[in-house]
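We count residues from 1, following the sequence as given. The structure displayed is predicted, hence computed values, not measured ones. In each ligand, atom 1 is the first atom listed, and ligand 1 is the first ligand listed. These numbers come from the heavy atoms of this one structure, side chains and all, not from hydrogens, waters or symmetry mates.
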Amino acid sequence: MFNITFVFTQLMFSSVYKRLVTMLPVQMCISNASAASRLTLQSFRFYCQKTPMKLRICEAVSRLDVGSKITVQGWVRSVRLQKQNLFLHVNDGSCLQSLQVVASAALNQRLLTFGSAVAVSGCLVKSPSRGQEVELQATQIDVVGECNTVDFPFKIKERHDLEYIRQFPHLRCRTNTFSSLLRIRSQATTAIHSYFEEKGFIQVHTPVVTSNDCEGAGELFQVELAGQEKKSGQEEDQHFFSVPAYLTVSGQLHLECIAGAFPGVYSFGPTFRAENSQSRRHLAEFYMVEAEISFTQTLESIMKVMEDLFRSTTEHLLARCPDDVALFHKHVKPRHNINVDLMMKKRFNVITYTEAIDILNSSSQTFAFKPDWGFDLQTEHEKYLVKHCGNVPLFVTDYPYTLKPFYARDNLDLPLHTVSAVDLLVPGVGELCGGTLREERLELLKKRLELTGLDETYGWYLDLRQFGSVPHGGFGMGFERYLQCVLGVDNIKDVIPFPRYSRSCLL
Ligand code: 4AD
Ligand code: MG
């Protein structure tokens with residue numbers, strides 16, 4: 001009875017059910033619901049005998065109702081032929097686990113190899129051997145797509161390292177590690193959207209093409225028509241958009257516009273930096289989560305959102321893809337789960353930039369770049385500070401005025417002269433988030449823009465401070481760096497499907 005009820009409940013939501021219902025006379029569906037249910041169940045039994053249910057592998061391996069006739073589709077992860085029996089492991093990317101398929105050796109065929117794509121039908125049974133709860137006793141195996149195992153870069157049962165699989169961006173999703181990474185990336189994306197949704201933030205699609213350089217660092221990719229000769233005449237005739245246009249380095253300024261009418265807004269999209277860097281934490285194209293909060297006057301309120309976002313996304317990942325995360329903590333960075341546990345248990349630390357420089361200067365470590373007040377913290381400094389403060393994430397606040405962009409709020413603390421800016425530094429990676437309170441005082445902002453000759457360009461930005469301006473602030477979190485931090489991945493190129501960096505744009 002339990003089994004039938006279970007199957008029926010599952011069925012109610014399945015495409016098989018929808019197909020069945022459309023086969024029933026409409027009147028019957030409406031006028032006599034319970035009779036229709038009985039009839040549907042009977043029809044289903046009949047229908048099911050003829051057409052096995054198509055299941056994803058994650059559904060098949062967690063199925064309680066053994067005895068069902070099912071079909072799975074996926075890619076062969078292992079093949080073992082014995083005298084009487086053929087054993088396969090089939091994976092379809094829906095979970096880390098593969099489904100064990102047992103068939104008569106008579107079903108073996110030449111094209112059934114490691115890496116081939118297959119459709120397998122049969123009966124789901126309780127597995128007599130250890131290692132899996134259920135297995136599929138196959139009655140039919142169709143090879144949908146063959147795989148040339150000689151040229152296929154991945155070999156059966158071999159665990160290739162991340163550097164090796166990175167050479168095959170078009171194929172690396174076929175490996176267990178990258179398949180796990182893609183599921184984790186997808187779940188982390190969901191978690192981030194859920195976090196902001198629960199907190200009442202509005203998601204904004206900020207533009208990918210923009211005419212501003214938000215960070216003012218000049219790391220811009222210009223966008224122009226391909227293959228166009230330079231035209232003579234007016235400057236505006238030279239450009240498709242009449243003005244020079246770029247791929248966005250940050251959606252912050254657009255978010256600030258929208259934050260003029262909402263208490264909290266966020267964006268999550270690709271951002272671009274023309275950094276001529278081969279480092280393990282820089283990409284030319286990366287995903288950034290950015291939030292902007294209105295009616296706030298404290299850096300602490302921004303830091304709270306950063307910390308909460310980190311915790312809730314990580315909790316979600318640990319709960320929703322424990323096997324995938326465990327793979328990284330076992331094979332990519334062994335015992336990294338201990339570091340993640342520590343980050344989740346302890347409160348994040350807070351120090352000022354000035355304190356950070358003092359700590360660095362009193363350290364016995366020799367740095368390649370000598371730490372000095374007024375200069376940017378280097379990755380080696382950031383990593384040292386995090387370790388020094390207990391290997392948990394560390395907020396560094398109140399940076400020198402000259403180090404941060406024009407929008408950062410002046411602390412008016414001469415002679416030191418700092419701004420209300422905060423970076424969140426995390427173990428193993430360094431800077432994960434950067435945020436500031438925004439300068440909302442019109443006169444101060446105007447003066448700063450005038451000094452840099454940007455007052456005309458940013459006339460619209462000054463407008464924001466004149467029409468119902470409120471104190472506000474926000475931050476950006478590098479999504480790939482977040483994944484590096486939680487999974488213990490050393491190279492940022494291994495946490496994004498198709499990495500773009502200087503001198504490389506494969507595919
Ligand atoms: O610190 P950044 O440059 O801050 C901004 O862009 C602000 N406008 C964000 C805001 O306040 N809305 O960048 C934010 C984060 C960094 O802390 C880092 O994690 C990541 O983006 N990031 C990169 N990640 C990968 N590759 C790069 N080249 C990156 N540059 C920045
Ligand atoms: Mg930064």
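- Counting backbone and side-chain atoms alike, Glu215 contributes no N/O/S atom closer than 2.8 Å to the Mg ion (ligand 2).
- Formation of a donor-acceptor pair under 3.5 Å by the Glu285 side chain with backbone atoms of Arg500 is not found in this model.
- Residue Phe475 touches ligand 1 through its backbone alone, judged by heavy-atom distances below 4.0 Å.
- No hydrogens or angles considered: a donor-acceptor pair under 3.5 Å links the side chains of His193 and Tyr266.
- Thr271 and Arg273 share no side-chain donor-acceptor pair at under 3.5 Å.
- The proximity of Pro405 to ligand 1, defined as any non-hydrogen pair under 4.0 Å, does not occur for either the backbone or the side chain.
- Distances from ligand 1 to the non-hydrogen atoms of Ile492 include at least one value under 4.0 Å.
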Yes or no on side-chain hydrogen bond (donor to acceptor under 3.5 Å, both in side chains) for His89 and Ser98, after CA distance, side-chain angles and deciding distance? CA-CA 6 Å; His89 278 101; Ser98 296; over 6 Å; no
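- Residue-level proximity to ligand 1 for Tyr407 is carried by the side chain, the only part with a heavy atom below 4.0 angstrom.
- Looking only at atom types and distance, the side chain of Arg77 has a donor-acceptor partner in the side chain of Asn176 under 3.5 Å away.
- Contact annotation for Glu275 and ligand 1: only side-chain heavy atoms (C-beta onward) come within less than 4.0 Å of the ligand.
- A cation-pi arrangement is present between Lys493 and Tyr501, with the terminal nitrogen or guanidinium carbon under 6.0 Å from the aromatic centre and inside a 45° cone about the axis.
- With atom 6 (O) of ligand 1 as the reference point, the heavy atom nearest to it among Gln252, Arg500, Arg273 is part of Arg273.
- Counting heavy atoms under 4.0 Å from ligand 1, residue Arg481 touches it through the side chain alone.
- Aromatic pair Tyr246/Phe272: centroids not less than 6.0 angstrom apart.
- Under a cutoff of 6.0 Å and an axis angle of 45°, Arg448 and Phe406 do not form a cation-pi pair.
- Residue contacts with ligand 1: Tyr266 is excluded, as none of its non-hydrogen atoms falls under 4.0 Å.
- For ligand 1, the polar-atom distance check against Leu432 finds a nitrogen or oxygen pair separated by under 3.5 Å.
- Residue Leu283 has at least one nitrogen or oxygen atom sitting less than 3.5 Å from a nitrogen or oxygen atom of ligand 1, judged on distance alone.
- The distance criterion of under 3.5 Å between nitrogen or oxygen atoms is not met by Met288 with respect to ligand 1.
- If you number the atoms of ligand 1 from 1 as listed, the ones under 4.0 Å from a heavy atom of Arg281 come out as 25 (C), 26 (N).
- With 3.5 Å as the limit, one finds no donor-acceptor pair spanning the side chains of His254 and Thr206.
- Nearest residue to atom 11 (O) of ligand 1 from Glu292, His254, Arg438 is Arg438 (criterion: closest heavy atom).
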